[in-house]
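Everything on this sheet refers to the single structure shown next.
By convention here, the first residue in the shown sequence is residue 1.
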Amino acid sequence: MPQIFAKFVSHHLSHGSVLADWPAGWNGWCLDELRFASTRRMRQGRAYIEGTTDADYLPNSNELTDEARRRIGWGYDKWGKKPK
């Protein structure tokens, strides 16, 4: 989140933006980040998997983290255990 906020601030400072409602502008920026995250993943060669975010992937990889796999049920049984 700090990186997203830094991008928001940098963008508006560089453009000299004057928003009537800064909290609404921030909210819109965050919603756009979520909307464009799947597009960025696809450009990086990642398959879009519903319910995942960029944070669910290993760095520089198309592989999901163990926590993400457990959360969405990939490779785990119904009790959240990895089959042997």
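- Ring to ring, Trp29 and Phe5 are not that close: their centroids are 6.0 angstrom or more apart.
- For Thr65, the side-chain hydrogen bond (donor to acceptor under 3.5 Å, both in side chains) test picks out no residue, with sequence neighbours left out.
- A donor-acceptor pair under 3.5 Å is absent between the side-chain atoms of Ser10 and the main chain of Ala6, judged by distance alone.
- A distance of 10.0 Å separates CD in Glu33 from CD in Gln3, rounded to the nearest 0.5 Å.
- Side-chain atoms of His11 never come within 3.5 Å of backbone atoms of Lys7 as a donor-acceptor pair (strictly under, hydrogens ignored).
- When every heavy atom of Phe8 is checked against every heavy atom of Leu19, the shortest pair comes out as CZ-CD1, 4.4 Å.
- Atom CG of Asp21 is separated from atom CG of Asn27 by 9.5 Å, given to the nearest 0.5 angstrom.
- Trp22 and Leu31 are assigned to two separate hydrophobic clusters, defined by single-linkage of ILVMFWY side chains at heavy-atom distances under 4.5 Å.
- Under a hydrophobic-cluster definition in which Ile, Leu, Val, Met, Phe, Trp and Tyr are linked whenever side-chain heavy atoms come within less than 4.5 Å, directly or via other members, Val18 and Trp26 are assigned to different clusters.
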